[in-house]
Visitor: 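Structure below; questions to follow.
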Amino acid sequence: MSCNPNLTPQELREKIAELKQKRNAIILAHNYVLGEIQDIADFCGDSLELSIKAAENTNADTIVFCGVRFMAETAKILSPGKKVLLPTPDAGCAMADMIDLNTLNKIKKQYPDAVTVCYVNSTAEVKTGVDICCTSANAERIVASIPAEKEVIMVPDGNLGANVGNALKRKIIRYNGFCPIHNRFTRQMIEDRRREFPEAVVIVHPECAPDITAAADAALSTGAMLGFVKNSPAKMFIIGTEIGIIYRLRKENPDKIFIPLTEQAICPDMKKCELFDVYIALRDMKEEIILPQEVIDSARGAIEKMLK
Ligand code: SF4
């Protein structure tokens with residue numbers, strides 16, 4: 001977060017709109033970022049939707065990515081000809097940082113015939129060492145597409161790996177990474193919320209531990225949550241994911257009620273980007289995501305395979 005001593009939110013929005021035109025830029029934002037950023041984004045979505053958007057051959061010269069570093073890196077890998085800007089260069093992902101290429105290679109050595117599936121929440125460097133990427137929206141489909149006789153390694157999220165393994169009744173060789181925000185949910189929280197709001201539908205994210213996804217009514221990516229809520233006759237929902245999604249859920253469903261499973265489910269990195277940061281990013285064209293060409297070439301295959 002940069003310091004903004006002088007400009008009002010309205011002035012910042014106007015300056016951003018002017019600069020966006022001047023730079024021929026689009027703004028992509030993850031569903032977890034602050035509401036003020038979701039409101040100015042050209043497109044909000046989950047990791048899969050944002051990857052697809054980044055891969056689209058839009059006329060934009062610049063992508064301003066409001067989210068965390070691995071997402072901006074994915075956009076750069078898919079659109080290497082565009083300038084990709086990350087307004088908050090220190091916005092990382094605790095889960096992505098739990099594994100590096102060296103560690104991945106050691107695991108692969110233990111299972112030389114296995115297919116390696118990598119959650120998109122991983123560094124560009126790790127993506128260079130895997131066969132195919134997945135997101136929380138398509139992880140089951142990706143693993144199901146791998147022949148049954150093949151062993152499957154999933155990194156870095158152990159919870160996602162366990163949830164996919166349970167759903168497909170398939171053994172998955174899992175790494176023990178996790179999202180600290182989703183890992184803090186407990187069964188007790190679900191029981192307490194159900195007691196408070198017995199008519200509410202409980203939706204959690206597949207990054208939650210298997211006992212949490214089993215205790216919920218549905219485990220969905222944030223993009224799928226939006227579709228589920230829209231089509232559901234229910235009026236009240238308990239949301240077990242980073243609370244940023246609740247801003248969009250409320251905006252798109254003003255007649256429905258959304259209760260966080262816990263108010264503490266806040267990812268500090270997702271909350272770093274403010275209007276002033278987007279303004280500075282477009283004004284000064286920074287921080288630009290620069291990746292070595294060999295990393296782009298080598299990581300792109302795994303992401304494109306997923307998108308196909
Ligand atoms: S919510 Fe979890 S997985 Fe998502 S960016 Fe934050 S730490 Fe990473």
Side-chain angles (χ1 to χ4, degrees), residues 1 28-35 37-38 41 44-51 54 65-76 84 86-100 117-127 133-139 154-164 174-186 189 203-210 212-213 219-226 239-249 260-274 277 289 303 306:
M1 180 184 63
L28 304 184
H30 191 271
N31 288 326
Y32 292 157
V33 301
L34 293 174
I37 300 298
Q38 296 190 29
C44 282
D46 62 19
S47 295
L48 178 60
E49 293 165 333
L50 293 170
S51 306
F65 210 108
C66 304
V68 298
R69 181 165 288 273
F70 78 80
M71 296 176 176
E73 285 181 350
T74 304
K76 182 67 188 175
V84 176
L86 180 64
T88 46
D90 59 338
C93 166
M95 182 203 289
D97 293 339
M98 286 178 188
I99 189 165
D100 58 17
V117 180
C118 178
Y119 191 25
V120 77
N121 298 29
S122 50
T123 62
E125 190 199 33
V126 164
K127 288 186 181 83
C133 285
C134 74
T135 70
S136 56
N138 63 17
M154 273 186 91
V155 295
D157 189 2
N159 286 336
L160 182 67
N163 285 319
V164 168
R174 292 178 279 128
Y175 186 64
N176 58 6
F178 60 91
C179 165
I181 288 77
H182 290 89
N183 222 39
R184 69 191 306 166
F185 296 129
T186 62
M189 287 176 186
I203 315 173
V204 300
H205 193 275
E207 285 173 24
C208 297
I212 303 301
T213 54
L220 302 167
S221 70
T222 55
M225 278 183 196
L226 285 149
I239 304 298
T241 189
E242 211 279 346
I243 61 168
I245 185 66
I246 293 181
Y247 179 81
R248 191 166 163 202
L249 284 165
L261 185 51
T262 162
E263 302 275 359
Q264 314 300 317
I266 298 172
C267 174
D269 288 278
M270 283 287 188
K271 298 293 182 262
K272 283 181 175 160
C273 187
E274 299 184 358
D277 301 296
I289 297 289
I303 304 172
M306 164 186 87

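Every number for a ligand or one of its atoms is a count from 1 in the order of the listing. Owing to the predicted nature of the structure, the values given are computational and were not obtained by experimental measurement.
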Visitor: Between Asp277 and Lys272 (salt bridge meaning N to carboxylate O under 4.0 Å), is one present in this structure?
Guide: no

Visitor: Strictly under 4.0 Å, does any heavy atom of Asn121 approach an atom of ligand 1?
Guide: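 Judged by the 4.0 Å heavy-atom criterion, Asn121 does count as contacting ligand 1.
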
Visitor: In this structure, which one of Val126, Asn121, Thr123 forms a side chain to side chain contact (heavy atoms under 4.5 Å, CB included) with Phe70?
Guide: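 Of Val126, Asn121, Thr123, side chain to side chain contact (heavy atoms under 4.5 Å, CB included) with Phe70 is met by Asn121 alone.
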
Visitor: Starting at CD1 of Ile239, measure out to OG1 of Thr262 and round the result to the nearest 0.5 Å.
Guide: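 If I round to the nearest 0.5 Å, the distance is 13.5 Å.
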
Visitor: Would you name the heavy atoms of His182 and Gly240 that are closest together and state the gap between them?
Guide: CD2-O, 4.1 Å

Visitor: Work out which heavy atom in Glu207 is nearest to a heavy atom in Asp157; give both atom names and the distance.
Guide: CG-OD2, 3.2 Å

Visitor: Report the part of Cys93 (side chain from C-beta onward, or backbone N, CA, C, O) that has a heavy atom under 4.0 Å from ligand 1; answer both or neither where that applies.
Guide: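 Both backbone and side chain of Cys93 come within 4.0 Å of ligand 1.
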
Visitor: Between Cys179, Pro156, Gly244, Pro268, flag the one that comes closest to atom 2 (Fe) of ligand 1 by a heavy atom.
Guide: Cys179

Visitor: If we only consider heavy atoms of Glu207, is any one of them less than 4.0 Å away from an atom in ligand 1?
Guide: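 In this structure, Glu207 qualifies as a contact of ligand 1 - some heavy atom is under 4.0 Å.
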
Visitor: I'd like to check which ligand 1 atoms, numbered from 1 as shown, lie under 4.0 Å from a non-hydrogen atom of Ala94.
Guide: 7 (S)

Visitor: Looking only at protein heavy atoms, which one is nearest to atom 6 (Fe) of ligand 1, and what is the separation?
Guide: Cys267 SG, 2.4 Å

